[in-house]
Amino acid sequence: MPRKIIIDTDPGVDDTMAIFFALCSPELEVVGLTSIFGNVHTELATKNALRLLEIAGRTDIPVAAGAVDALTGPFEGPVPFVHGADGQGDIDLPDPAGQALDISAAQFIVEQLRAHPGQITLAPVGPLTNIALALRLEPRITEWVDEVVLMGGNALAPGNASPAGEANIRNDPEAADLVFGADWQVTMVGLDVTLRVHMTPEHIAEYATHGNAMSDHIVKVLPHYRNYFESVYEAKGIFVHDSSAIAYILDPTLFTLRRWPIRVGTQGLGRGKTWPATGGRILPPWEGRPLVNVCVDVDGERLVEMEAEVLRKA
Ligand code: RIB
Ligand code: CA
C-alpha cells in the first residue's frame, strides 16, 4: 500500500520538483497539497499548486489554501530573485482551470488525519504556519499523524535567509517552535543536508531528455533558480532542498540522523535559528521537549540519482 502524504508547500521551483518527485513515486499517495506563503504570497502558491497538478495530469488531488500571514505578524514578502515573481522562474504560465477547496489548509489537514489515523505523513516544505494552526485547531492530530518530515532549519550549518536562519523557519519561527515542541515524531531535513545534495548541470541537462510534461516543466523553471544559486554559491547547478524531504520519506537510509530537542530563536539576530540541544546537559528551554530526528549527513549523489530515475520513468 502506498504511503499517504500531504505536502504543505510554497511553490517555488524546488517545491515544484518535490511535488513531481512525490507524484511520480509509486510508493507514495499524495492525498492533497496545502499552500502557504514563503517563496510567493499564499494566493499565488495556491494557484501554482493547482497549475502543477494540471501539468502532472493529477487534478484528482485537492488543494487547500493556507494562511496568508505568520502566527504573530505579517508575511515579510516573497523572494522573486530566487524563484521568479511567479514562483516558477518567470515563464508566463496560464491561469489554472481548477480551484482550491472551500476549507482552509489547517482544516484539510485535520480532516484528513482524523479520517486516516496513523496513515498520513505530513511533508511541509514551506513555513510551518499551517501545521501550527492545525495543531491549535485539533491537538489530537499528534496522535493521528504517522510522522512529520519537514524541509527547514539548520542545526549545525549557517542559515540562508539570514546568517542565523533558514528561509522556511525564519518566515514563521513561532510556528516552527510549536511544531518542534509538539508530541509527535518530527524529522528535520534542513540545510545541514540539503546543501550537500548537489544537482549538477549534467544532471539538469538529463531532465530535457525525459520527454514528459513534468520534466519539461522542470527544465523551463530551473534557469532562473539556477542563476540565483550560481550567483550565491561557488558550485554550478543547484542544491536540492524540498525534494530531499521527499527522498527521506522514500528512503531514510540516505541520511544520517542525530536526535536532539530543538528550540527556535524568535528574537533579534537569532530569529529563525533552529537550536539543537547538542551539549550533554539539557537546559531549561529544551527541558521536556521531544527528540527531533535531525538529518546531519546524506548520500547526495544517490539522492539526486533517485529523483532523476523517478522522473525519467514518469
Ligand atoms: O531554505 C530552503 C527553503 O526555502 C525551500 O523550501 C525553498 O522552497 C524556500 O522556500
Ligand atoms: Ca519550499
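Whatever order the structure lists them in is the order used to number ligands and atoms, beginning at 1.
Near V125, meaning under 4.0 Å from any of its heavy atoms, are these atoms of ligand 1: 6 (O). Of all atoms in ligand 1, numbered sequentially from 1 with element shown, those under 4.0 Å from a heavy atom of H241 are 2 (C). Atoms of ligand 1 lying under 4.0 Å from at least one heavy atom of N160, given by number and element, are 1 (O), 2 (C). Set against the non-hydrogen atoms of D14, the atoms of ligand 1 under 4.0 Å away are 5 (C), 6 (O), 7 (C), 8 (O). Proximity to N168 (heavy-atom distance under 4.0 Å) selects the following atoms of ligand 1: 3 (C), 4 (O), 5 (C), 6 (O), 9 (C), 10 (O).
Nearest non-hydrogen protein atom to atom 10 (O) of ligand 1 is N39 OD1, 2.7 Å. The protein heavy-atom contact nearest to atom 3 (C) of ligand 1 is E166 OE2, 3.2 Å.
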What's the verdict on side-chain hydrogen bond (donor to acceptor under 3.5 Å, both in side chains) for T59 and E54, showing C-alpha distance, side-chain angles and the deciding distance? CA-CA 6 Å; T59 51; E54 288 174 13; over 6 Å; no
D15 vs N39, side-chain hydrogen bond (donor to acceptor under 3.5 Å, both in side chains): CA-CA, chis, key distance, verdict: CA-CA 9 Å; D15 302 71; N39 296 321; 3.0 Å; yes
As a quick check of understanding, evaluate side-chain hydrogen bond (donor to acceptor under 3.5 Å, both in side chains) for T256 and D297, giving each step before the final call. CA-CA 5 Å; T256 305; D297 202 0; 4.6 Å; no
Would T121 and R3 count as a side-chain hydrogen bond (donor to acceptor under 3.5 Å, both in side chains) here? Give the steps. CA-CA 8 Å; T121 295; R3 188 165 164 185; 3.1 Å; yes
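In D15, the part holding a heavy atom less than 4.0 Å from any atom of ligand 1 is the side chain. By the criterion of a heavy-atom distance under 4.0 Å, neither the backbone nor the side chain of T194 is placed next to ligand 1. By the criterion of a heavy-atom distance under 4.0 Å, the side chain of D242, and not its backbone, is placed next to ligand 1. Residue-level proximity to ligand 1 for V82 is absent, since no heavy atom of it falls below 4.0 angstrom.
Here the rule is side chain to side chain contact (heavy atoms under 4.5 Å, CB included) with L28, and of I246, L23, V310, I7 only I246 fits it.
Draw a line from the Ca ion (ligand 2) to OD2 of D242 and another to OD1 of D10, and the angle between them is 140° (to 10°).
Under 4.0 Å is where a charged nitrogen must lie from a carboxylate oxygen, and between R302 and D251 at least one such pair does.
At least one donor-acceptor pair closer than 3.5 Å links the side chain of S162 to the backbone N or O of A164. No side-chain donor-acceptor contact under 3.5 Å links R271 to the backbone of R170.
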